[in-house]
> 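For reference, the structure I am asking about is given below.
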Amino acid sequence: MTKKNLIAALLVFAAALPVFAGGGSEAPAQDSPIVIGVMAPITGDNAEYGEFFRTGATLAVKIINDKGGINGTPVELLIEDSKSDPKEAVLIAQRFISNPAVMGVVGDFNSTASMAAAQIFSPAALVQISPTASHPGFTAIGEYIFRSGTTQVHEASFLARWAVKDLGRKRIAVIYINNDWGVVTQENFIKTAKAEGAEIVALEHFIPGDKDFTASLTKIKNANPDMFFVGTQWADAALLATQAQKLGLKVDLMGAGTLATDPLIQNAGMAVEGIRANSQYFVGDTRPPSKFFTDEYQKMFPGRRPHSHAALTYDAVNLLAEGIKTAGKDRAKIRDAMAGIKDFPGATGTLTFDAERNPFKVFAKIRVIDQKWQISPE
Amino acid sequence: MKKLSYALIRCAPILGALLFFCTLPLYVRSDYILRVFVQIGIYVLLTSSLNIVNGYTGLFSVGHAAFFGLGAYGSAIVCTKLNLSFWQGLPTGMLIASLAAYVIAKPTLRLKGVFLTLVTMGSNMIIMLVFLNWDSLTGGSLGIMGIPMPEIFGTKFLRPLPYYYLIIVADILVIVLLDRLMRSRFGLTLKAIREDERAASCNGINVARYKTMAFVMAAVIAGAAGSFYAHYYRYISPEAFNFTESFIIVTMLAFGGPGNILGPVVGAAILVGVTEAFRAFADYRMVFYGTLLVLMMIFRSKGLLGGREYSLTITWPPVKKTVYSKGDRFLDTEKEENDEPAAG
């Protein structure tokens, strides 16, 4: 008898699950608010980044609604927690596509969750725009998949043109971290630099975790370059700069946009004075849309430092809003409107989508001057 | 005819569950809920297979996600590189997972207690690092994308419904097989090892061999779950198979109650269900999850259904106490007794 009761209880539980898991959705009324879905790691290992997503999106929606919404209709956010877990991301994606009020989705944070969700969004014809997914194949999953952050392809070519065309450097040394990110960065930098007529006098690499770069740096010193490009994250760049200074390697440094953080300066001090990088957004950014974002962010969230992830999310929501403004409440037309966006003045730079729905941006040229990241005068 | 009807009655709970889950999509018309069930289904395979090792054999493995990952990667690699289908990828994934389990189990299962636990955790990390660093084969940190969806008779699995049926069938198959197996000689041997390894060994049981068999069997099922996972999510990357995933599986098993057939099912269903049901609470939903775990460990430390075994079948006809006499006359056969209800 207990067995039977147990099985019965089990069946009842299974039957009840859908009831409290809930999710019946009705067709939206004509004047109901426009809903933008946000999926981000609100809890879990990446919760600190999820917080940037939440604040960036909340700020964007507040500003849109203060101006009277999109074509007079207010905008609402529907924030769902994915824990950066592809399994949760898929469930959230399914909820968003089944909810007819959702006109577009911003998220997710990491490539794994974003790509798992994209497999659901794309066939269901709902726009997904990820601020931070960096996987090169992400937007290739489908016509409805966008991103608001740039890829290394654009970033590295931009830096190469700056070095060779604008600064007239002809003898460039390159070091890069041997992972997918470093390889893509280095390949695109060298390709453009050579096309612009520069010579790569030294090409060195290291594996993640290396701490001593003396051998590579000695080779680079002997090659006598007039520009040294470091294709690394900021922690490695700080070590490289300090060790280069000790070896007496006096050369102008340049690196990718990931270097534009304060910890780099705190760790390497005068060794990184004068280092150049590109930037989508940094706290001291003086371009008007970026400054507007920084000011509004600090007004809405006092005591918090804006971050490029928040700025990218802010832009993603605004891009989606721009699409909805042109197309109205029609998921398919919103995609077409977004794909056609040109010269959009975002907090992370003026943005145009290419045919693969990756953004092309005019980056800010920044430099460490007086131990602070500032817009480069050149 | 009577034999058949008895057999039907005996199997009623299994048939009932099968009928219930197969007709569920008729009245639950939400793809979201079907996807929740698919996720539960994947975890039921994983917890049930871990149950063979942790529940029945009394070992404590915290590296089960390694075999889950090997199944996923094995299947994804052969399908994307050799253009094979899911139905060929599935056995490949299971084979790779079982081979790895054998290689790991053979030398390490002689270890006891916490040492074995650390080894399983270590091998999980090593396998994760192989996924991460063998770029040419596994795509490194970029993972594998474009994994084909399963097909049946040329029909692709575009919506969650066919995945739902596939995982339900796999779950019920695995549960029924494990139920039979754990009541067989093999299962009894595993339980003997769990209760007292030395006594089992004294009775002529080759303990190392049985432990290895249990380990490999668990890996085969986890490999199947991995293969399903790869073709369901269609993009895999190493971080999905690190040891935090193993801990999720261990937690579900501990919650439901190890060492019986229904514990893993209930554990997976409740823990996936709770995280989804409390989605509305946003930041605080994992608090409910944690509270539930704490309460469970305080009030039922052996898990919700732990501490006893359950049968999937009903004993029919009901076994009565043997009656030798009825008032004035003696009964001479069992048959006579059994026939009475039918006659009445």
Side-chain angles (χ1 to χ4, degrees), chain A residues 2-4 6-11 13-25 42-45 47 54 79-81 83-99 110-112 114-116 118-120 123-124 135-138 140-141 179-181 183 207, chain B residues 12-13 16-17 20-21 24 27-28 30-40 42-43 135 139-143 145-146 149 158-160 229 232-240 244 262 265-266 269-270 272-273 275-277 279-280 282-287 305 310-315:
Chain A
T2 35
K3 276 175 224 155
K4 271 188 239 167
L6 186 86
I7 290 155
L10 195 68
L11 295 185
F13 171 76
L17 188 66
V19 179
F20 59 80
S25 46
I42 303 297
T43 63
D45 292 345
R54 172 153 56 188
I79 301 176
E80 294 277 12
D81 172 23
K83 295 196 279 181
S84 314
D85 179 350
K87 294 187 286 296
E88 300 237 352
V90 161
L91 296 179
I92 295 169
Q94 187 68 56
R95 282 172 78 98
F96 282 151
I97 62 171
S98 328
N99 182 347
N110 59 341
S111 293
T112 310
S114 304
M115 289 177 75
Q119 307 279 3
I120 313 290
H135 193 295
F138 172 59
I141 290 175
N179 62 16
D180 56 285
W181 180 90
V183 170
I207 53 170
Chain B
F20 173 79
F21 285 111
L24 189 76
Y27 43 89
V28 176
S30 156
D31 281 353
Y32 163 66
I33 287 163
L34 287 186
R35 283 194 193 277
V36 174
F37 273 97
V38 172
Q39 194 182 330
I40 292 173
I42 294 175
Y43 277 116
D135 287 8
S141 55
L142 294 184
M145 58 183 289
M149 41 184 123
L158 285 167
R159 295 179 63 91
Y229 176 96
Y232 174 63
Y233 291 103
R234 301 186 57 217
Y235 168 73
I236 53 172
S237 62
E239 62 209 80
T244 50
L262 292 176
V265 183
V266 172
I270 293 183
V272 173
T275 43
E276 281 308 310
R279 196 166 269 297
D283 292 25
Y284 303 103
R285 73 186 170 118
M286 296 321 283
V287 176
L305 303 183
Y310 303 90
S311 170
L312 290 184
T313 50
I314 297 168
T315 316

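Heavy-atom basis, side chains included; hydrogens, waters and symmetry copies ignored.
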> In terms of heavy-atom proximity below 4.5 Å to chain B, should A:Ile42 be classed as side chain, backbone, both, or neither?
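Side chain of A:Ile42 only, per the 4.5 Å heavy-atom cut-off to chain B.
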> When heavy-atom pairs shorter than 4.5 Å are enumerated against chain A, which of B:Met286, B:Arg279, B:Arg234 gives the highest number?
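Highest number of heavy-atom pairs under 4.5 Å: B:Arg279.
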> Among A:Ala93, A:Gly137, A:Ala116, which has the most heavy-atom pairs under 4.5 Å with chain B?
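The answer is A:Gly137.
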> Where does A:Ile120 contact chain B at under 4.5 Å (heavy atoms): side chain, backbone, both or neither?
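Side chain of A:Ile120 only, per the 4.5 Å heavy-atom cut-off to chain B.
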> In terms of heavy-atom pairs under 4.5 Å, which option from A:Glu80, A:Gln94, A:His135, A:Glu88 contacts chain B the most?
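Most heavy-atom pairs within the cutoff with chain B belong to A:Gln94.
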> Where does B:Tyr43 contact chain A at under 4.5 Å (heavy atoms): side chain, backbone, both or neither?
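For B:Tyr43, the contact with chain A is made by the side chain alone.
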> Less than 4.5 Å to any heavy atom of chain B: does that hold for the side chain of A:Pro86, its backbone, both, or neither?
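Looking at A:Pro86, backbone and side chain both touch chain B.
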> Quick one: what part of B:Tyr27 sits under 4.5 Å from any heavy atom of chain A, side chain, backbone, both or neither?
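Contact with chain A involves no heavy atom of B:Tyr27 at all.
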> Please determine whether side chain to side chain contact (heavy atoms under 4.5 Å, CB included) holds for the pair A:Lys87 and B:Tyr233, giving the CA-CA distance in whole Å, both sets of side-chain angles, and the decisive distance to 0.1 Å.
CA-CA 8 Å; A:Lys87 294 187 286 296; B:Tyr233 291 103; 3.3 Å; yes
> Any chance you could lay out the side chain to side chain contact (heavy atoms under 4.5 Å, CB included) test for A:Val90 and B:Tyr232, step after step, and finish with the verdict?
CA-CA 10 Å; A:Val90 161; B:Tyr232 174 63; 4.3 Å; yes
> Heavy-atom distance under 4.5 Å to chain B: side chain of A:Thr112, backbone, both or neither?
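Backbone plus side chain of A:Thr112, per the 4.5 Å heavy-atom cut-off to chain B.
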> Does any heavy atom of chain B fall under 4.5 Å from the side chain of A:Ile97, the backbone, both, or neither of them?
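It is neither, since no heavy atom gets under 4.5 Å.
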> Apply side chain to side chain contact (heavy atoms under 4.5 Å, CB included) to residues B:Arg285 and A:Lys83 and explain how you reach the verdict.
CA-CA 11 Å; B:Arg285 73 186 170 118; A:Lys83 295 196 279 181; 3.9 Å; yes
> Hey, could you give me the CG/CD1 distance between A:Leu91 and B:Ile33, rounded to the nearest 0.5 Å?
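The distance works out to 11.0 Å.
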> For A:Asp85, which atoms come within 4.5 Å of any heavy atom of chain B: side chain, backbone, both, or neither?
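Looking at A:Asp85, nothing touches chain B.
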